[in-house]
Amino acid sequence: MENIRVRFAPSPTGYLHVGGLRTALYNYLFAKRNSGKFILRIEDTDQSRYVEGAVENLINALKWAGLEFDEGPDKDGGFGPYFQSQRLDIYNKYAAELVEKKNAYYCFCTPDRLTTLRDEQKSKNLQAKYDKHCLSLSDAQIKDNLDAGMPFVIRLNVPIGEKIVFNDIIRNRVEFDTATIDDQVLIKSDGFPTYHLANVIDDHLMEISHVIRGEEWLSSTPKHVLLYNFFGWEIPLFAHLPLLLNPDKTKLSKRQGDVAVEDYRAKGYSPEALVNFVALLGWNAGDDKEFYYMDELIEKFSLDRVNNSGAVFDIQKLNWLNTEHFRKLPKDSLLNQLKSDIANSEFNDKKYSEEYLSLVIDSMIERVASTKEILEKSPYFFSDPISYEEESKTKNWKPETPELLSELAKRFSLLEEITNKHDFEKPLKELAAEKGIGAGKLIHPLRLAVSGMSTGPGVYDILYIIGKEKTISRIEKAVKAI
RNA sequence: GGCCCUAUCGUCUAAUGGUUAGGACAUCGCCCUUUCACGGCGGUAAUAUGGGUUCGAAUCCCGUUAGGGUCACCA
């Protein structure tokens, strides 16, 4: 294939949807795999939906996910501008050409008439469609209306009784009857184009070779085909991607959980995991491999192997992948992440050495899926416990416990040089043997005393990491508090 | 409702006319472990349905059913 150019063309609604991320990713992978160009185009033709900072958010989210675009805002490749709101002249020029050729026409119908028409059609269970009322206007009438400053739109003049057939890489042959296609508005009364017009013109002008987008666009594709034909332009190859679904199989939506890439980022999911996960939602290489890095995805990706049915966004599988990716992270990036999480936490006023944090990571890595979770699951590495788990208290804290722990603290205080966790194990085992009790009788209350919790790394690990002083002071505190 | 798309374990999927229908996540059980995890081993679990075509169908064709998308001066 030559001159592969694909685009991700979101409208700036405020955040990047995970479905959008998947669409962007497939475009990106396809471009990279085929030495093509990945273009970002902002479809901001709806003035009423303008959201402050949306474009920045979008670009940041893409960057975070590792999807660097080759052309787009602030990165001109000779096909700009990449904001549709800056290309109004172009759309108007082409719309005029269509009107000239009678492939489009002025429409002066009021919103009132349109709603009445639609209601009527709906009540008769008919498809809501414009009735071509203004198509019969004479040139003189149109000129009069225009001169009188009447608001107008420009509509696509869909021919009657034709079949529109196109080929989709994923769905193969798709056919529509023009009788089922509405005379779509191309230019709105505010002078802005609708998606359909702007999209077709830009894809042509930007020399897009493959239109890879969500399946929700499949039913408006015949309108686009019609436009390409009217202009006499070559039609790009289409690939309509299966939708991402809620657990109840409806189109993935905000109502049923997190849908923005930023939400997952904020929760501690890594970009590698999220990318890996959405890549597999609707595509696989044909083998059993499930763990991928971006470069491997690029190497393996092909549109031929994209599925044709919708895929449920299964958070459990994402969690698993996130864990897998987390465990493979190099030590220094774990360290950096943990430091930045601490800086953003309640513990941000304290200082911890890299050696210390490194030990914390080693002890927790098998128990968490993000550095953020280390803070949540083992706060005792960052400050003294302020409360003690009730359930563990009733289970492990017996009348004789304070005395036993005090004795244990005394023996710990005698420890001179501590080089590893076993230095703490010895006195505990000895005490247990002397008292004729199982080590568990000491281990469980000890864990509760120093951590406030009943789960976590081995007690000796905890003691070794927090050190002798803290161990003793926490035991003393617990003896008084419980 | 019209039009369009889709249909393999609960979920993501493999098997492109011949397999005991495979893997992964989840789930369950056992082992490891004086906690929680990790890990190891094993189990439960699917071709929506009815017809064709064929020696042979998850796979090809038709119908049915179910789900989804779309029917805006939103993208």
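Keep in mind it's a predicted model, so treat the numbers as computed, not measured. Note on naming: letters A, B, ... go to the chains in the order of the sequence lines (proteins, then strands), and numbering restarts at 1 for each one.
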**Q** Base, backbone or nothing for each nucleotide of nucleotides 28-47 of chain B, written B, S, -, heavy atoms under 4.0 angstrom, 5' to 3'?
**A** ------BBBSS---------
**Q** Pair A:Glu400, A:Lys441 - check salt bridge (charged side-chain N to carboxylate O under 4.0 Å, His left out), show working.
**A** CA-CA 10 Å; A:Glu400 67 276 18; A:Lys441 285 267 188 300; over 6 Å; no
**Q** Identify the pairs formed between an N or O of the protein and an N or O of nucleotides 19-21 of chain B at a distance under 3.5 Å, and give each distance.
**A**
none

**Q** I need a per-nucleotide contact map over nucleotides 4-11 of chain B, read 5' to 3'. Cutoff is protein heavy atoms under 4.0 Å; write B for the base, S for backbone only, - otherwise.
**A** SSSS---S
**Q** Once the angle between the rings of A:His224 and A:Trp217 is folded into 0 to 90°, is it parallel (under 30°), tilted (30 to 60°) or perpendicular (over 60°)?
**A** tilted
**Q** Is there a side-chain contact between A:Phe412 and A:Pro427 (heavy atoms, below 4.5 Å)?
**A** yes
**Q** Taking any strand in view, what nucleotide pairs with B:rU47 in a Watson-Crick or G-U wobble way, both distances under 3.5 Å?
**A** none
**Q** Looking only at atom types and distance, does a side-chain atom of A:Asp182 sit under 3.5 Å from a main-chain N or O of A:Tyr130, one as donor and one as acceptor?
**A** yes
**Q** Determine if the base of B:rC28 is syn or anti; take syn to mean the glycosidic torsion is within 90° of 0.
**A** anti
**Q** Looking at every strand, decide which applies to A:Glu290 at a 4.0 Å heavy-atom threshold: base, sugar-phosphate, or nothing.
**A** base
**Q** Does the side-chain contact (heavy atoms from CB on, under 4.5 Å) test come out yes or no for A:Val261 and A:Tyr15, once each step is laid out?
**A** CA-CA 7 Å; A:Val261 169; A:Tyr15 60 91; over 6 Å; no
**Q** How far does the C1' atom of B:rA21 sit from the matching atom of B:rA58, given to the nearest Å?
**A** 8 Å
**Q** Does B:rC25 have a Watson-Crick or wobble mate here (both distances under 3.5 Å), and if so which one?
**A** B:rG10
**Q** Could you check which nucleotide pairs with B:rC71 in any of the strands shown, counting Watson-Crick or G-U wobble with both distances under 3.5 Å?
**A** B:rG1
**Q** Parallel, tilted or perpendicular: which fits the ring planes of A:Phe238 and A:His240, with parallel below 30° and perpendicular above 60°?
**A** parallel
**Q** At under 4.0 Å between heavy atoms, what does A:Thr13 touch on the DNA or RNA strands: base, sugar-phosphate, or nothing?
**A** nothing
**Q** To the nearest angstrom, how far is A:Asn284 atom CG from B:rU16 atom P?
**A** 12 Å
**Q** Is there a side-chain contact between A:Lys124 and the phosphate of B:rG1, meaning an N or O under 4.0 Å from OP1 or OP2?
**A** no
**Q** Between A:Asp362 and A:Lys331 (salt bridge meaning N to carboxylate O under 4.0 Å), is one present in this structure?
**A** yes
**Q** Check the distance between B:rC73's P and A:Tyr195's OH and give it to me in whole angstrom.
**A** 17 Å
**Q** Measuring only the C1' atom in each nucleotide, how far is B:rU8 from B:rA48? A whole number of Å is fine.
**A** 10 Å
**Q** Select from A:Ser189 and A:Gly286 the residue whose nearest nucleotide in RNA chain B is closer to the 5' end of that strand.
**A** A:Gly286
**Q** So what's B:rU19 paired with, Watson-Crick or G-U wobble, going by both distances under 3.5 Å?
**A** none
